[in-house]
2 protein chains.
Amino acid sequence: MKTAPRKTADLSAQIAHAIRDAIVSGELIVDARLPSEAELSEQFQVSRPTVREALKRLAAQSLIRTQRGATGGAFVNRLSFEDAYSQQITTSTLLLSMNAVSFDTACEARYALERACAPLSAQRRTADQLATMRAEIFRQAQPGLTDEAFCASDVTFHRALVDGADNPVLSYQLAGAVEAMQPLMNMITFTARSREEIIAMHTRIADALEARDADIVDTALVDLEHYTQQLAHDVAERKRKPA
Amino acid sequence: MKTAPRKTADLSAQIAHAIRDAIVSGELIVDARLPSEAELSEQFQVSRPTVREALKRLAAQSLIRTQRGATGGAFVNRLSFEDAYSQQITTSTLLLSMNAVSFDTACEARYALERACAPLSAQRRTADQLATMRAEIFRQAQPGLTDEAFCASDVTFHRALVDGADNPVLSYQLAGAVEAMQPLMNMITFTARSREEIIAMHTRIADALEARDADIVDTALVDLEHYTQQLAHDVAERKRKPA
DNA sequence: GACTTTTAAATGTCAGACAAATAAAAATTT
DNA sequence: AAATTTTTATTTGTCTGACATTTAAAAGTC
């Protein structure tokens, strides 16, 4: 943990960076206890509030956790896949909402990623995951289902597909992308889409996964992508000429 | 921006959450100025240091930026793709180093993702991107190249492939994954690998992209994955029986 | 009108204090 | 001696008040 300063940034940012480097480099390992705030302020020659601002920055990234009391302090946090998920979902969601990403672009990315894990999922999906997908398809067919619940079920369905690849790294990367983009898509295609058609494609996917046929899963995902794109275009068209 | 408290977390965490919600929900739009720290401490009925800790949390996630001076303050930040990249790289790197992810798993995920954008890249790669890849291949063939420089060149090469898909969302998702995993892979396969073989496969990929032949790109990536996996197993084997 | 100076507002930083939680040590009781 | 209770020390959480620094606008000057 060096005291090397960096450009003319906030002291708290510099200190946060120094500690982050120490964590990334392995100088501070998981569950290691950082020096107390008083000691850190001594080491870095800054006041305690400044040290605290630095620690809050790290806490916001789930890099450390803090505990009060006699044996308390700040500890290097083991970054869990779940923490990483939720961070990625927040980041992706904001990225999409703030940067005027076209629907086509987002949709293309989402299905490209999902198709990447389809072959693995066809090989490895468990009976449980298949059952989850079937259950969600059943739920989607219920007449009284609200649009929100249909969307949530859609996310769960695709999440099960992704998890079927049995690769936590892939799940982490994809679930974030899918969950961030699904609401965006649902928002746009809410009004126009036909639940029957979507359910039919979901069923094709589930059937193909059951048969462990990667090609059919891929084809069905391509069809689903095209259908979604078509919907978006129809909606845009309708807005232009509302009559 | 509500004052609704949440469980028994830090006040600064609660406040950060409240402001984050306001940003995500669109209540605070990009470039909107937050109330001053004094006003926020009035609104939330806490002291200024507590407000500041909350703001630092948000700053750590690139959700806000601050400016000093008369017309200064905290402003909602437009989350750029670059910001999102660097955050994802940090997160992914730590996730891998802290969770004992097997080499096979990381490798599989990395190539699955890269293969997802290969077809798009074959369609859309620009002459520039192709030139970048050729240049990196040339660099990789230089005899005096250090291992570190070879790795960096490798990352640049694959980054160009990913960018060839011309989809910023895909680039964001994949570049993060590739950059986070590449060092891990290089670390393991440093000693054993043959630069000639890797260069040969890179050349195949570049040739196929030039010819816009997605299938050959895919095959070459599969081969590269298998080669990398084989290397890792050889290295592990050698460690077990060092004689 | 152009330039300089002043001023006000905002963040950045500091110092010192107290509250609250927590575990270990000490004291007390059984 | 063992169990329980009390005390104590340590550490984070929070507050108050102050000063430094930066910055743009307002005021003043030529």
Side-chain angles (χ1 to χ4, degrees), chain A residues 1 3-20 22-23 28 30-78, chain B residues 1 3-20 22-23 28 31-77:
Chain A
M1 233 182 308
T3 326
R6 245 181 218 258
K7 289 194 173 179
T8 25
D10 293 7
L11 285 176
S12 68
Q14 291 175 36
I15 293 168
H17 212 115
I19 298 177
R20 174 159 44 240
I23 294 174
L28 286 169
V30 168
D31 291 334
R33 180 178 174 278
L34 272 63
S36 73
E37 294 175 355
E39 287 169 323
L40 285 173
S41 60
E42 181 76 17
Q43 275 183 37
F44 287 102
Q45 287 287 298
V46 296
S47 67
R48 196 160 83 94
T50 302
V51 166
R52 281 182 63 79
E53 287 178 7
L55 293 180
K56 294 312 167 199
R57 293 179 116 108
L58 298 174
Q61 297 175 297
S62 307
L63 288 181
I64 61 168
R65 59 179 188 279
T66 54
Q67 218 173 1
R68 304 224 283 199
T71 59
F75 299 85
V76 177
N77 202 26
R78 160 161 274 127
Chain B
M1 232 179 311
T3 325
R6 249 181 214 256
K7 291 196 171 176
T8 27
D10 293 7
L11 285 176
S12 68
Q14 291 175 37
I15 293 168
H17 213 114
I19 297 176
R20 175 162 40 242
I23 294 174
L28 286 169
D31 291 333
R33 182 178 173 278
L34 273 65
S36 72
E37 294 174 356
E39 288 169 323
L40 285 173
S41 59
E42 180 75 16
Q43 277 184 35
F44 287 102
Q45 287 288 301
V46 297
S47 67
R48 196 159 82 92
T50 302
V51 167
R52 282 182 62 80
E53 286 178 7
L55 293 180
K56 294 312 168 199
R57 293 180 117 110
L58 298 174
Q61 298 176 293
S62 307
L63 288 181
I64 61 169
R65 61 179 186 279
T66 55
Q67 219 173 359
R68 305 225 285 199
T71 58
F75 299 85
V76 177
N77 201 26

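Computed from heavy atoms alone, side chains included, the values below leave out hydrogens, waters and symmetry copies. Proteins come first, then strands; the chains are lettered A, B, ... in the order of their sequence lines, and each starts at number 1. What you see is a predicted model; the values in this text were computed from it and never measured.
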* Asked: What is the per-nucleotide protein-contact pattern of nucleotides 4-13 of chain C, from the 5' end, where B denotes a base atom under 4.0 Å from a protein heavy atom, S denotes such proximity for sugar-phosphate atoms only, and - denotes neither?
  -> -----BSBBB
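For the atom pair CD1 of B:Ile64 and CD1 of B:Ile19, the computed distance is 7.0 Å after rounding to the nearest 0.5 Å. Taking CZ of A:Arg52 as the start and OG of A:Ser47 as the end, the distance is 11.0 Å to the nearest 0.5 Å. Separation of atoms CG (A:Leu58) and CG (A:Asn77) is listed at 11.0 Å; rounding is to 0.5 Å.
The closest donor-acceptor contact from the side chain of A:Arg48 to the backbone of A:Leu40 lies at 3.5 Å or more, if one exists at all. Side-chain atoms of B:Arg65 come within 3.5 Å of backbone atoms of B:Val76 as a donor-acceptor pair (strictly under, hydrogens ignored).
Put simply, CZ on B:Phe44 is 14 Å from P on D:dT14, counting in whole angstrom units.
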